[in-house]
S.K.: 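My structure is below; once you've seen it, I'll send some questions.
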Amino acid sequence: MKWLLVVASILAIVISKRGADFGPDWANNFSVQDLQCLKSTGIEFLIIRGWQKYGAMDNTTINAHANANKVGFDWVDTYLFPCRTMNATDQVNQLVANLTQAKAQFGKIWLDVEINPWPGCGWDTFSFESNCEFLKELVQAVRNANQTVGIYSSHYEWTSLFGTDTACSHFTDVPLWYAHFDSNKTFDDYYRLPFGGWTKPMIKQYIDLTRNTVCGFTIDQDYIPDVTESVQ
Ligand SMILES: *[C@@H]1O[C@H](CO)[C@@H](O)[C@H](O)[C@H]1NC(C)=O
Ligand SMILES: *[C@@H]1O[C@H](CO)[C@@H](O)[C@H](O)[C@H]1NC(C)=O
Ligand SMILES: *[C@@H]1O[C@H](CO)[C@@H](O)[C@H](O)[C@H]1NC(C)=O
Ligand SMILES: *[C@@H]1O[C@H](CO)[C@@H](O)[C@H](O)[C@H]1NC(C)=O
Ligand SMILES: *[C@@H]1O[C@H](CO)[C@@H](O)[C@H](O)[C@H]1NC(C)=O
Ligand SMILES: *[C@@H]1O[C@H](CO)[C@@H](O)[C@H](O)[C@H]1NC(C)=O
């Protein structure tokens, strides 16, 4: 398996795109200069947090989106970290309403499917089946808002929230952005340990922000191998 993929990875290196996403718990209010610096390091796309894990808008995202557009990132997505005890549809609609009101230009809305450590917002007090229903409602709400949806998760997070790595395999038509912090720009690790029914991820978060500083900012780094998939 590993060797069959060698040709694909060589090709992937040639056409891969580098990206970054932000989500430390302090403010993400990036200026034009901040984002110009990130762009100068070769980062080509951004995924900026729009909705906080305690179930409210991340107000810095409006400014960061506007600045990212000014700097000329042609791919800027947002992500929503849902509070599990709040209504799924309402959280999506409020994020979309805030972004729309601010005339923010963004691509996909990524749903952050991971353990939520915020008191009262965790997934762990619900059944695996109920967690799956919650995710279905989030996905449907993004679609009902006429936005493009993606799912962010990892093998560990998926198993923790839904019980097994094959549980809740209802979203194979939704692009997958997965996390595995092995500093390795390949999907080989995914194919060895897949989850959620996806046969192919779209993006890998391969460097964790707790170990990474670029331009003085702690950021996660992401990788996408197939340039054709960046068309939104
Ligand atoms: C923006 O999000 C907040 C929650 O942080 C919500 O109370 C507010 O209604 C939203 N704005 C709009 C225009 O929906
Ligand atoms: C963020 O914006 C929402 C509405 O857009 C507002 O209700 C809320 O007070 C703001 N929060 C902060 C911390 O500025
Ligand atoms: C972000 O920074 C801009 C420019 O410095 C400022 O006008 C804005 O109020 C800040 N937003 C937040 C939510 O702190
Ligand atoms: C969440 O609220 C929407 C209305 O905004 C409602 O249709 C939906 O049933 C609610 N979800 C749950 C699980 O109660
Ligand atoms: C989504 O698009 C459909 C079809 O164009 C339209 O009827 C509907 O009102 C739109 N919904 C929202 C929330 O914009
Ligand atoms: C990175 O990926 C290559 C190709 O699959 C593999 O040979 C190598 O062991 C990986 N390195 C790490 C640190 O996982």
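Any value given below was found using the heavy atoms of this structure, including those in side chains, with hydrogens, waters and symmetry copies removed. Quick note: residue numbers are just sequence positions, from 1. In each ligand, atom 1 is the first atom listed, and ligand 1 is the first ligand listed.
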S.K.: Give the single entry among Asp90, Asn98, Val96, Asp58 that approaches atom 1 (C) of ligand 1 most closely by any heavy atom.
M.R.: Asn98
S.K.: Taking 4.0 Å as the limit for heavy-atom contacts, which would you say applies to Gln101 with ligand 1: side chain only, backbone only, both, or neither?
M.R.: side chain
S.K.: Can you sort out which atoms of ligand 1 are near Ala97, meaning under 4.0 Å from one of its heavy atoms?
M.R.: 12 (C), 13 (C), 14 (O)
S.K.: Please confirm whether the ring centroid of Tyr223 lies under 6.0 Å from the ring centroid of Phe187.
M.R.: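 Centroid separation for Tyr223 and Phe187: below 6.0 Å.
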S.K.: Hey, is ligand 3 close enough to Asn29 that some N/O pair sits below 3.5 Å?
M.R.: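 Yes, since at least one N or O of Asn29 sits under 3.5 Å from an N or O of ligand 3.
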S.K.: Specify the closest pair of heavy atoms between Ala179 and Ser154, including all atoms of both residues, with the distance to one decimal.
M.R.: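 Ala179 and Ser154 have their closest heavy atoms at O-CB, 3.4 Å.
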S.K.: May I ask you to list the atoms of ligand 6 that are less than 4.0 angstrom from any heavy atom of Asp188?
M.R.: 4 (C), 5 (O)
S.K.: Evaluate the ring planes of Trp177 and Tyr79, with Trp represented by its six-membered ring, and classify them as parallel (under 30°), tilted (30 to 60°) or perpendicular (over 60°).
M.R.: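 The arrangement is perpendicular - the two ring planes meet at more than 60°.
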S.K.: Establish, yes or no, whether a centroid distance under 6.0 Å links the rings of Phe81 and Tyr54.
M.R.: no
S.K.: Short list, please: which atoms of ligand 6 are under 4.0 Å from a heavy atom of Asn184?
M.R.: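 Answer for ligand 6: 1 (C), 2 (O), 3 (C), 8 (C), 10 (C), 11 (N), 12 (C), 14 (O).
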S.K.: What do you reckon, does Arg192 have a nitrogen or oxygen under 3.5 Å from a nitrogen or oxygen of ligand 6?
M.R.: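 Arg192 vs ligand 6: no N/O contact under 3.5 Å.
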S.K.: Any atoms of ligand 1 less than 4.0 Å from a non-hydrogen atom of Ala56? List them with their elements.
M.R.: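 Contacts of ligand 1 toward Ala56, numbered from 1: 5 (O).
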S.K.: Under 3.5 Å, N or O to N or O, is Asn63 touching ligand 3 that way?
M.R.: yes
S.K.: Once side chain to side chain donor-acceptor pair (under 3.5 Å) is applied, what residue pairs with a partner in residues 125-135 remain, sequence neighbours excluded?
M.R.: Arg84-Ser130, Arg84-Asn131, Glu133-Lys136
S.K.: Can you confirm, on distance only, whether ligand 1 has an N/O atom lying under 3.5 Å from any N/O atom belonging to Met57?
M.R.: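 Yes - when backbone and side-chain N and O of Met57 are compared with those of ligand 1, one distance drops under 3.5 Å.
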S.K.: In the structure I gave you, are the side-chain heavy atoms of Val32 and Val71 within less than 4.5 Å of one another anywhere?
M.R.: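 Yes, their side chains come closer than 4.5 Å.
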S.K.: I need the Thr78 OG1 to His65 NE2 distance, nearest 0.5 Å.
M.R.: 4.0 Å
